[in-house]
Amino acid sequence: MKRTVRYTEKVSFCYKHFKRHTCSKCGSRVQMRCIGRLLNLESPEAKKFGFPEGAGMGELRTFYFYCPKCPRSISFEDMQEFEREKR
């Protein structure tokens, strides 16, 4: 059984990996982390994320930023909003 992987973010590769991001609370540099969860490919949620039809399992990965100094998780949407306001 082959597992298909989909990502929830529609953010460019350069924005994720090459741009320096800082925490909106303490100002330290953040790390990027990932949460993965398995979905049944026959479920309505799997169809919502564009998985192919059929039986089996698919993995949905969600990336986010994590501040190790003040243990805090920051979504891509929140980080983009913070960076727009910072300009």
Side-chain angles (χ1 to χ4, degrees):
M1 175 172 78
K2 185 177 180 184
R3 192 174 353 179
T4 307
V5 177
R6 294 283 186 256
Y7 303 96
T8 58
E9 295 80 24
K10 303 291 185 216
V11 181
S12 73
F13 181 82
C14 293
Y15 180 80
K16 286 184 198 176
H17 298 284
F18 296 122
K19 188 170 184 200
R20 287 190 172 202
H21 302 283
T22 58
C23 178
S24 58
K25 192 173 184 180
C26 68
S28 64
R29 191 166 180 187
V30 295
Q31 303 169 349
M32 192 167 51
R33 293 199 175 168
C34 175
I35 296 174
R37 65 182 173 140
L38 294 176
L39 296 175
N40 183 350
L41 292 180
E42 296 172 349
S43 71
E45 188 177 12
K47 292 175 187 168
K48 180 177 128 182
F49 287 105
F51 282 95
E53 296 282 331
M57 300 297 284
E59 184 176 3
L60 181 67
R61 291 185 183 170
T62 305
F63 287 93
Y64 64 96
F65 294 110
Y66 176 76
C67 178
K69 190 171 182 183
C70 60
R72 184 171 173 224
S73 300
I74 307 166
S75 69
F76 278 101
E77 294 83 19
D78 291 342
M79 182 61 77
Q80 287 176 330
E81 185 179 323
F82 167 69
E83 290 172 346
R84 265 188 244 118
E85 291 173 0
K86 196 167 77 170
R87 284 190 225 165

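Index from 1, following the sequence.
- Between R33 and F65 the shortest side-chain heavy-atom distance does not fall below 4.5 Å.
- Looking at heavy atoms from C-beta onward, S43 lies out of side-chain contact with K48 at the 4.5 angstrom threshold.
- The NZ atom of K19 lies 9.0 Å from the CE atom of M79; values are rounded to the nearest 0.5 Å.
- Taking the six-membered ring wherever Trp is involved, the centroid distance between the rings of Y64 and F76 does not fall below 6.0 Å.
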Q. Step by step, would you call S24 with R72 a side chain to side chain contact (heavy atoms under 4.5 Å, CB included)?
A. CA-CA 10 Å; S24 58; R72 184 171 173 224; 2.9 Å; yes

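- Taking the side chain as every heavy atom from C-beta outward, H21 and R29 never approach each other to under 4.5 Å.
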Q.
Let's go through K69 and C23 carefully: what are the C-alpha distance in whole Å and the side-chain angles of both, what is the deciding distance for side chain to side chain contact (heavy atoms under 4.5 Å, CB included) to 0.1 Å, and is it a yes or a no?
A. CA-CA 9 Å; K69 190 171 182 183; C23 178; over 6 Å; no

(Q) For E45 and K47: C-alpha separation, side-chain torsions, deciding distance, then whether salt bridge (Lys or Arg N to Asp or Glu O under 4.0 Å) applies. (A) CA-CA 5 Å; E45 188 177 12; K47 292 175 187 168; over 6 Å; no

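- Of the inter-residue distances, the one linking E42 atom CD with F51 atom CZ reads 13.5 Å to the nearest 0.5 angstrom.
- Looking at P68 and Q31, their side chains come closer than 4.5 Å, going by heavy atoms from C-beta outward.
- Considering all non-hydrogen atoms of both residues, A46 and N40 come closest at CB-O, 3.4 Å.
- The side-chain heavy atoms of F82 and T22, taken from C-beta on, include a pair separated by under 4.5 Å.
- For the pair R37/E59, no side-chain contact is recorded, criterion being any heavy-atom separation below 4.5 Å from C-beta on.
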Q.
What verdict does the side chain to side chain contact (heavy atoms under 4.5 Å, CB included) test give for K16 and M32, after you've listed the backbone C-alpha separation in whole Å, the side-chain angles of each residue and the deciding distance to 0.1 Å?
A. CA-CA 8 Å; K16 286 184 198 176; M32 192 167 51; 3.9 Å; yes

